[in-house]
Q: 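First, the structure itself, so that you have it in front of you.
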Number of protein chains: 2
Amino acid sequence: MTVSLSSLRGDGDAFTDGCPTRVVLDHVTSKWGVLVLAALADGTLRWSELRRAVDGISEKMLASTLKTLERDGIVERVAHPVIPPHVDYSLTDRGRDLMEAMSPLLLWVAANADDIVPSG
Amino acid sequence: MTVSLSSLRGDGDAFTDGCPTRVVLDHVTSKWGVLVLAALADGTLRWSELRRAVDGISEKMLASTLKTLERDGIVERVAHPVIPPHVDYSLTDRGRDLMEAMSPLLLWVAANADDIVPSG
DNA sequence: CAGAATCCAGCTAGATACTG
DNA sequence: CAGTATCTAGCTGGATTCTG
C-alpha cells in the first residue's frame with residue numbers, strides 16, 4: 001500500500017466503537033449515502049432529479065439521507081420560495097473534499113464489479 | 001474534482017438498481033466490511049485478532065463479513081490443520097488494490113470526523 | 001481456537017396516503 | 001414540486017449456546 005492505515009490505529013481510539021469516526025463512516029458509506037453523494041458530485045440537483053439519479057431510492061430514504069448529510073455539513077440545501085417549490089441540493093466545500101477522497105473507491109468498484117459478481 | 005464521476009453514469013447502467021456495481025459497493029462499504037478491510041490492510045490477522053481489531057463486532061457478523069469478502073476474492077482464508085485451530089485472514093491482490101482506492105476515504109474520515117460530530 | 005446454529009428484539013426501509 | 005406521516009414486513013445483527 002502506498003498509504004499506510006496503521007497510522008490510524010496509532011492515535012488511540014480511531015474507529016473504535018462509538019467514536020465520531022464510526023458515526024461519520026456510517027453516514028458517508030451508508031447504502032444510499034454513497035449514491036446520493038456520487039450523484040451530487042457532478043453538480044447541483046433538485047429533489048426530483050435526485051430521485052431519478054439515485055435509482056431505486058424511496059422518498060423516505062432520500063429525505064433521511066439528505067438530512068443526515070446536511071447535518072454533517074456535507075450537503076447544502078437551498079430552497080427557493082416560489083410556487084411550485086424548487087429546492088436545490090449540492091455539495092459543500094467539505095462535501096467536495098470528501099468526494100475527492102471517495103472517487104478512487106467508486107471508480108475501483110465500477111471497474112471491478114463485473115469480475116467480482118459474474119451474473120449479478 | 002480531480003476525478004470526474006460523470007464517466008460512471010456515461011456507460012449505461014453503472015450503479016443502477018440490481019447491477020453488480022451496487023452489490024460490490026454494498027459489500028465493501030458495509031458497516032463491518034470497511035472495518036475488517038481496514039484491519040487487514042496492515043497485514044495478516046487471525047480470527048481472534050480480527051475480533052479484537054474490529055471493536056464491537058459480533059462473531060456472527062465477523063463470520064458473515066469474512067465469507068462475503070472471501071467469495072468476492074478480496075479476502076483470503078488460510079486454515080492451518082493444527083490443534084488448536086489456527087486460521088489466517090489476509091487481503092488478496094484484489095483486496096490490496098481495493099484498499100489503495102479506499103485509503104483516502106478512511107484517512108479523510110479520520111481527519112474530519114471530530115469537526116463533523118462534535119460530541120458524538 | 002475458530003467457528004456454526006438458534007432465537008428473537010429492534011431497526012431499516014418500502015408502500016401508501018396525505019399536505020403546503 | 002417537495003416533501004411528511006403512518007404502518008408494517010422483513011432483514012440486521014446481538015446474545016447465547018454448542019462443537020470439532
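Naming convention: chains lettered A, B, ... in sequence-line order (proteins, then strands); numbering from 1 in each chain. Treat the numbers as computed from the prediction; the structure is a model and nothing was measured.
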Q: Rounded to whole angstrom units, what separation is found between the CG atom of A:Asp88 and the C1' atom of D:dA2?
A: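 For the pair A:Asp88 CG and D:dA2 C1', the rounded distance is 12 Å.
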Q: What bend angle does the helix from C:dC1-D:dG20 to C:dG20-D:dC1 show across its length, from five-pair end axes and to the nearest 10 degrees?
A: 50°
Q: Is there a side-chain contact between B:Arg46 and the phosphate of C:dC1, meaning an N or O under 4.0 Å from OP1 or OP2?
A: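 No, no such contact exists.
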Q: Of all the choices, D:dG14, C:dG14, C:dA2, which nucleotide is nearest to the side chain of B:Arg77 once you look at every atom?
A: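 Among D:dG14, C:dG14, C:dA2, the one nearest the side chain of B:Arg77 is C:dA2.
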Q: Check the distance between C:dA5's P and B:Lys67's NZ and give it to me in whole angstrom.
A: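 B:Lys67 atom NZ is separated from C:dA5 atom P by 7 Å.
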Q: Base, sugar-phosphate or nothing for B:Arg51? Non-hydrogen atoms, less than 4.0 Å.
A: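 Nothing, no nucleic acid heavy atom in range.
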Q: Between C:dA2 atom P and B:Ile57 atom CD1, what is the distance in whole Å?
A: 15 Å
Q: Would you tabulate the pairs of protein nitrogen or oxygen atoms and nucleotide nitrogen or oxygen atoms of nucleotides 5-11 of chain D closer than 3.5 angstrom?
A:
none

Q: Would you find a donor on one side and an acceptor on the other, under 3.5 Å apart, between the side chain of A:Asp88 and the backbone of A:Thr44?
A: no
Q: Considering the options A:Asn112, A:Leu105, A:Leu107, which one meets the side chain to side chain contact (heavy atoms under 4.5 Å, CB included) requirement together with A:Val109?
A: A:Leu105
Q: Within the distance-only criterion (no hydrogens, no angle test), does the side chain of A:Thr92 pair as donor or acceptor with the backbone N or O of A:Glu76 below 3.5 angstrom?
A: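 No, because the side chain of A:Thr92 does not come within donor-acceptor range (under 3.5 Å) of the backbone of A:Glu76.
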Q: Rounded to whole Å, how long is the line connecting atom CG of A:Leu62 with atom P of C:dA13?
A: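 Atom-to-atom, A:Leu62 to C:dA13, this comes out as 13 Å.
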Q: Could you state the atom-to-atom distance from CD of B:Glu49 to C1' of C:dG3 in whole Å?
A: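 Rounded to the whole Å, the gap is 16 Å.
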Q: Considering just the side-chain nitrogens and oxygens of A:Tyr89, establish if one lies under 4.0 Å of OP1 or OP2 belonging to D:dG3.
A: yes
Q: Check whether A:Asp72 reaches the backbone of B:Ile116 with its side chain - one donor and one acceptor, N or O, closer than 3.5 Å.
A: no
Q: Only one of B:Val34, B:Val54, B:Leu106 clears side chain to side chain contact (heavy atoms under 4.5 Å, CB included) with A:Phe15; which?
A: B:Leu106
Q: Calculate the interatomic distance between B:Met61 atom CE and C:dA2 atom P; express it in whole Å.
A: 19 Å
Q: Any donor-acceptor pair under 3.5 Å linking the side chain of A:Ser30 with the backbone of A:His27?
A: yes
Q: Do the charged groups of B:Asp93 and B:Arg96 touch, with an N to O distance under 4.0 Å?
A: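 Salt bridge present between B:Asp93 and B:Arg96.
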Q: In whole angstroms, how far is the C1' atom of C:dG20 from the NE2 atom of A:His86?
A: 17 Å
Q: Would a distance-only check, ignoring hydrogens and angles, find a side-chain to backbone donor-acceptor pair under 3.5 Å from B:Glu70 to B:Lys67?
A: no
Q: For a quick test of reading the model, state the closest non-hydrogen atom pair linking B:Val28 to B:Leu37 and the distance between them.
A: O-CD1, 4.2 Å
Q: Starting at atom CG of B:Leu66, determine the distance to atom C1' of C:dA4, rounded to an integer number of angstrom.
A: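 Roughly 14 Å, once rounded to whole Å.
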Q: Taking for each residue the nucleotide of DNA chain D with the nearest heavy atom, is it B:Trp32 or A:Pro85 whose nucleotide lies nearer the 5' end?
A: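 Looking at the nearest nucleotide for each, A:Pro85 comes out on the 5' side.
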Q: Tell me whether the rings of B:Trp47 and B:Tyr89 are parallel (<30°), tilted (30 to 60°) or perpendicular (>60°).
A: tilted
Q: For D:dA2, does either OP1 or OP2 sit under 4.0 Å from a side-chain N or O belonging to A:Ser48?
A: yes
Q: The side chain of A:Lys31 lies closest to which of these nucleotides: D:dA2, C:dA13, C:dA2?
A: C:dA13
